[in-house]
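Working notes for the structure below.
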Amino acid sequence: MRREVRSWYTVPAPQIGLGVVPTPYGYLSDPAGGSGPRRLVLSVDDAEEVEPAIAAARAFYGAAAFEVWVDDRERSERLTPALRGSGWEVRGDTVVLALVGSVRAER
């Protein structure tokens, strides 16, 4: 289940104009036509890798704004101090619910 949900933002979806670029430090969304979400999804585990990852994302996106996502709670706990030290702030958590079976409705 976790892999499936993670694929929603780490696997390209050209049918909706979303490209994804895998990198050594995570994934960069690459929206077609310049519109759409720009995000770095960090997959590094070491806080010392945060600043180089942010620098690479800035180089990739140029002057465009982007978000940084950390999709694992334990990783987030390790990386949040380094992200804050780089000038990023936590805006909140997102919880994704996924349907895992059929739904039967009755009246």
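The chain is numbered in sequence order, starting from 1. What you see below is based on every heavy atom in this structure, not just the backbone, and it leaves out hydrogens, waters and symmetry mates.
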Self-check item: Heavy-atom closest contact (Ala53 atom, Leu40 atom, distance)
Solution: O-CD2, 4.0 Å
Quiz item: Which atom names give the shortest non-hydrogen contact between Ser86 and Val50, and what distance separates them?
Solution: OG-CG1, 4.4 Å
Quiz item: Quick one: CG on Leu42 to CG on Asp71, what's the gap to the nearest 0.5 Å?
Solution: 9.0 Å
Quiz prompt | Phe66 versus Ile54, closest heavy-atom pair with distance | solution = CZ-O, 4.3 Å
Self-check item: Closest approach of Arg75 to Asp45 (non-hydrogen atoms, all atoms of both residues)
Solution: NE-OD1, 2.9 Å
Quiz prompt | Expected output: side-chain Ser29 to main-chain Arg39 donor-acceptor under 3.5 Å | solution = yes
Exercise. Mark yes or no for whether Arg78, through its side chain, and Asp46, through its backbone, hold a donor-acceptor pair below 3.5 Å.
Key: no
Quiz prompt | Side-chain heavy-atom pair Val90, Arg84 within 4.5 angstrom cut-off | solution = yes
Quiz item: Out of curiosity, Leu28 CG to Arg38 CZ, how far, rounded to the nearest 0.5 Å?
Solution: 11.5 Å
Exercise. Search all heavy atoms of Ala57 against all heavy atoms of Tyr25 and return the closest pair with its distance.
Key: N-OH, 4.0 Å
Self-check item: Spatial distance of atom CD (Glu51) from atom CG (Leu83) [nearest 0.5 Å]
Solution: 9.5 Å
